[in-house]
Each structure stands twice: as structure tokens, then as C-alpha cells.
2 protein chains.
Amino acid sequence: MSKPKGFIRRTKQRELILEVLKGTTCHPTADWVYEKVREELPSISLGTVYRNLRSLVEAGEVLELTFGSSFSRFDGNPENHYHFACEECGQVSDIDFPLQEELEKRVEESNRLKVHTHRLEFYGICQECLNKKE
Amino acid sequence: MSKPKGFIRRTKQRELILEVLKGTTCHPTADWVYEKVREELPSISLGTVYRNLRSLVEAGEVLELTFGSSFSRFDGNPENHYHFACEECGQVSDIDFPLQEELEKRVEESNRLKVHTHRLEFYGICQECLNKKE
DNA sequence: GTAATTGCAAATAATTTGCTGGGTG
DNA sequence: CACCCAGCAAATTATTTGCAATTAC
């Protein structure tokens, strides 16, 4: 019991991946990281990059942001509103929360860009799953 | 030039898809919509569902939310912070904006659930792309 | 030594696309 | 009757996984 359960061994590959991530302000895709690390360590495989990114995210050392189109969910209400995603059962539900229009204005003021819309969502455990747990 | 450019023809398939979406509070995946519409119209194909969802989103009649894992971007900073995604060039950048911790509390209070974290991002045109346009 | 980790390649999973015939405006 | 759109299947894209060899601790 000396090693914590999710013990992560330190390898050249993992160190390089983390170094690349810490050393860039762009928010790279897995593939970009792969190409970058390959400059140092040409033999690394894409699978290794994916596996390490996953474990780094699980270890809380790296943030993952999902964009793009996969695993989309659709909502018949086209007005902007906010969502809650349960980390336990995967359900996504609308939440009753007023639209924060002023956030967009504040972002436009402090950063020089044009905001069209924003997306806000919360992650946690839904009521049903909370009930099941006790 | 009488018809608007992105003219959308009305078909049985599209009507059914929209009806299914408007008639549910869950936030279905494309596949769920497919199964549901198939109860009415067994001959519909999954490709048609995808194509229609896409055009409905483009027409602004439906919201698309992306969850899950595809097209992830990674961030070496594991602290929660907010992002801006440029709809023109696709770049994702950090924005300088204070963390709104109190949002989580407010959601927990008005809805009975446990919030672990939240995600807030803004979409629009970045400064560089704005400059290019004029 | 042993268990985590690697590289490689094949497998998945969600979504998109080419084609050809059919239905809408 | 032109052209958008359907169905079908094959193609893409991002990501995951099985396996045998390797390496960190």
C-alpha cells in the first residue's frame, strides 16, 4: 500500500508530452502534441500520446477541452440556455438559471474580440444519482 | 433569387426529426433520434438523420451541444479557466476573466444536485481575424 | 522481478460523403 | 422539371485497444 493506486510511472515519453503542453499557450490537439514530441523522440507512437494525455488528465495535471463535432447532443430549444451533465449516469439536462448576457460584454471589453455567443455548463452528480448513493 | 440561399425543403423525415426533438426534454444523441424516428418511419437512414440535424442546426432551429471525447484540445494549466474559440480560424485561447465560483453555488441552490466544476466558453471572432476583415 | 508502459497495427465509434433514384416546390 | 433530398454503403476522423517486447522502480 505504499504506492497510491493510480500510480504513474515517469517515462521519457510522458515527460516530453507534459513539457510540450506546459510550453505552449495554444491549446493543442493530440495530433499536434504527437508531431511536436516526435521532433525530440521520433519513435513515439500516436497511441502512446493518447494514453499519456488520458492519464495526465486523470491525474489532474492537464485540462481537456472538447470541441468539434463528436458525440453531439441536440436540443429542440435553439435559444441559449445552460446545461448540467451528470458524471455518473451521463444524463444531460437543462438547468433553471438566468442567461448571463453581461458576461459576453465583459469579455468583449477586457479582450479585443467579438463575441457571438457563449456556452456554460456544469458537471457533477444529478439528484437521482445522489439518491442512489445513500 | 426568390428562394433564400440556404433554402430548406420540408420532408416527412425532417418534420419527424424536429418533432422528436421538440417533444423531449432529454438531450438526445443522433442515434437516439434515429431510433425514435424509426418507430414512425422504419425506412429512414442514419445518414439522413445526421444530414437533417446538421441543416436544422445551421438554420438555427436546433442547438447542438458537444460532449464526449472527440477532437479534444489539451491545456497544460489544470486550473479551471475560460476559453475563447474563434469561429473563423478555429483557434482556441485563454481569456482573461475571473473565475465565477459563485455560479456553482447558485446552481446547487436552485437545483438539487452536486456541482463539481463548470465550463464556460465564448465563441466569436478573434482580434486577428477581425483585423483581416477590414 | 513485476507491473506499468511502449510501439505497432488493427478495432471502434461517431459522423460524413458519393452515388443514384425519388419527391418537393 | 429542376434540384434538393432520401437511402444505402463505403469512407473519414479521432480515439481506443490487444499484444508482445521493454523499461521503470
Side-chain angles (χ1 to χ4, degrees), chain A residues 1-18 20-21 27-59 61-74 85 90 92, chain B residues 1-21 27-59 61-74 90 92:
Chain A
M1 277 262 181
S2 56
K3 293 175 193 165
K5 247 207 176 149
F7 184 72
I8 295 189
R9 194 175 277 180
R10 88 200 349 247
T11 65
K12 210 184 322 171
Q13 289 84 346
R14 180 160 307 152
E15 308 260 279
L16 273 167
I17 289 168
L18 198 51
V20 164
L21 277 174
H27 294 67
T29 60
D31 209 70
W32 190 93
V33 173
Y34 171 57
E35 292 299 340
K36 205 74 183 173
V37 173
R38 219 140 71 114
E39 294 172 8
E40 272 310 287
L41 188 68
S43 65
I44 198 173
S45 77
L46 186 54
T48 297
V49 172
Y50 272 106
R51 259 188 290 233
N52 276 303
L53 285 172
R54 183 108 347 268
S55 53
L56 286 167
V57 168
E58 273 159 21
E61 298 201 58
V62 162
L63 257 196
E64 178 175 10
L65 303 171
T66 65
F67 287 95
S69 64
S70 284
F71 213 92
S72 283
R73 285 169 171 274
F74 297 87
V92 175
Chain B
M1 277 261 182
S2 56
K3 292 176 194 166
K5 251 214 175 141
F7 184 72
I8 295 189
R9 193 174 276 178
R10 89 200 348 248
T11 65
K12 210 186 319 170
Q13 289 83 345
R14 180 161 304 151
E15 307 259 282
L16 273 168
I17 288 169
L18 198 51
E19 195 179 301
V20 163
L21 277 174
H27 294 66
T29 60
D31 209 70
W32 190 93
V33 173
Y34 171 57
E35 292 300 339
K36 204 74 182 173
V37 173
R38 218 140 72 111
E39 293 172 9
E40 273 310 287
L41 189 67
S43 65
I44 198 174
S45 77
L46 186 56
T48 296
V49 172
Y50 272 106
R51 256 188 289 235
N52 276 303
L53 286 172
R54 183 106 350 266
S55 52
L56 286 168
V57 168
E58 272 158 21
E61 299 201 57
V62 162
L63 256 197
E64 178 174 12
L65 304 171
T66 65
F67 288 94
S69 62
S70 284
F71 215 90
S72 283
R73 284 167 173 276
F74 298 88
V92 176

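Chain A is the first sequence line, chain B the second, and so forth, proteins listed ahead of strands; every chain is numbered from 1.
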Which protein N or O atoms sit under 3.5 Å from an N or O of nucleotides 6-10 of chain C?
residue	atom	partner	partner atom	Å
dT6(C)	OP1	T11(A)	OG1	3.0
dT6(C)	OP1	N52(A)	ND2	3.2
dT6(C)	O3'	Q13(A)	NE2	3.0
dG7(C)	OP1	Q13(A)	NE2	3.3
dG7(C)	OP1	S43(A)	O	3.4
dG7(C)	OP2	S45(A)	N	3.2
dG7(C)	OP2	T48(A)	OG1	2.4
dG7(C)	O5'	S43(A)	O	3.4
dG7(C)	N7	R51(A)	NH2	3.4
dG7(C)	O6	R51(A)	NH2	3.1
dC8(C)	N4	R51(A)	NH2	3.4

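Per the geometry, CD belonging to E58(A) stands 14 Å off P belonging to dA4(C), to the nearest Å. dT23(D) atom C1' lies 16 Å from atom CD1 of I8(A), rounded to whole Å. Atom OH in Y34(A) sits about 16 Å away from atom P in dT13(D), given to the nearest Å. Remark: C1' of dA4(C) and CZ of R9(A) are 4 Å apart, rounded to the nearest angstrom. Atom CD in E15(A) sits about 16 Å away from atom P in dT23(D), given to the nearest Å. In this structure, L16(B) atom CG and dA6(D) atom P are separated by 11 Å, rounded to whole Å. Taking atom CG of L53(A) as the reference point, atom C1' of dT15(D) lies 11 Å away to the nearest angstrom. Summarising the geometry, the separation between CG on L18(A) and P on dT5(C) is reported as 14 Å, rounded to the nearest angstrom.
Contact check, Y50(A) against dT16(D): no side-chain N or O comes under 4.0 Å of OP1 or OP2. Residue R10(B) has no polar side-chain atom (N or O) positioned under 4.0 Å from OP1 or OP2 of dT24(C).
Residues satisfying the salt bridge (Lys or Arg N to Asp or Glu O under 4.0 Å) criterion with E15(A), sequence neighbours excluded, are R10(A).
At least one side-chain heavy atom of E64(B) sits under 4.5 Å from a side-chain heavy atom of R54(B). Two residues are said to be in side-chain contact when any heavy atoms from C-beta on lie closer than 4.5 Å; V33(A) and L21(A) meet this criterion. The shortest distance between side-chain heavy atoms of F74(B) and T29(A) does not fall below 4.5 Å.
Expressed to the nearest 0.5 Å, how far NZ of K36(A) lies from CD1 of I17(A) amounts to 14.5 Å.
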Taking only distance into account, with no hydrogens and no angle test, what donor-acceptor pairs under 3.5 Å do side-chain atoms of residues 43-53 of chain B form with protein atoms, sequence neighbours excluded?
residue	atom	partner	partner atom	Å
S45(B)	OG	T48(B)	N	3.3
S45(B)	OG	T48(B)	OG1	3.1
N52(B)	OD1	R14(B)	NE	2.5
N52(B)	OD1	R14(B)	NH2	2.6
N52(B)	ND2	T48(B)	O	3.1

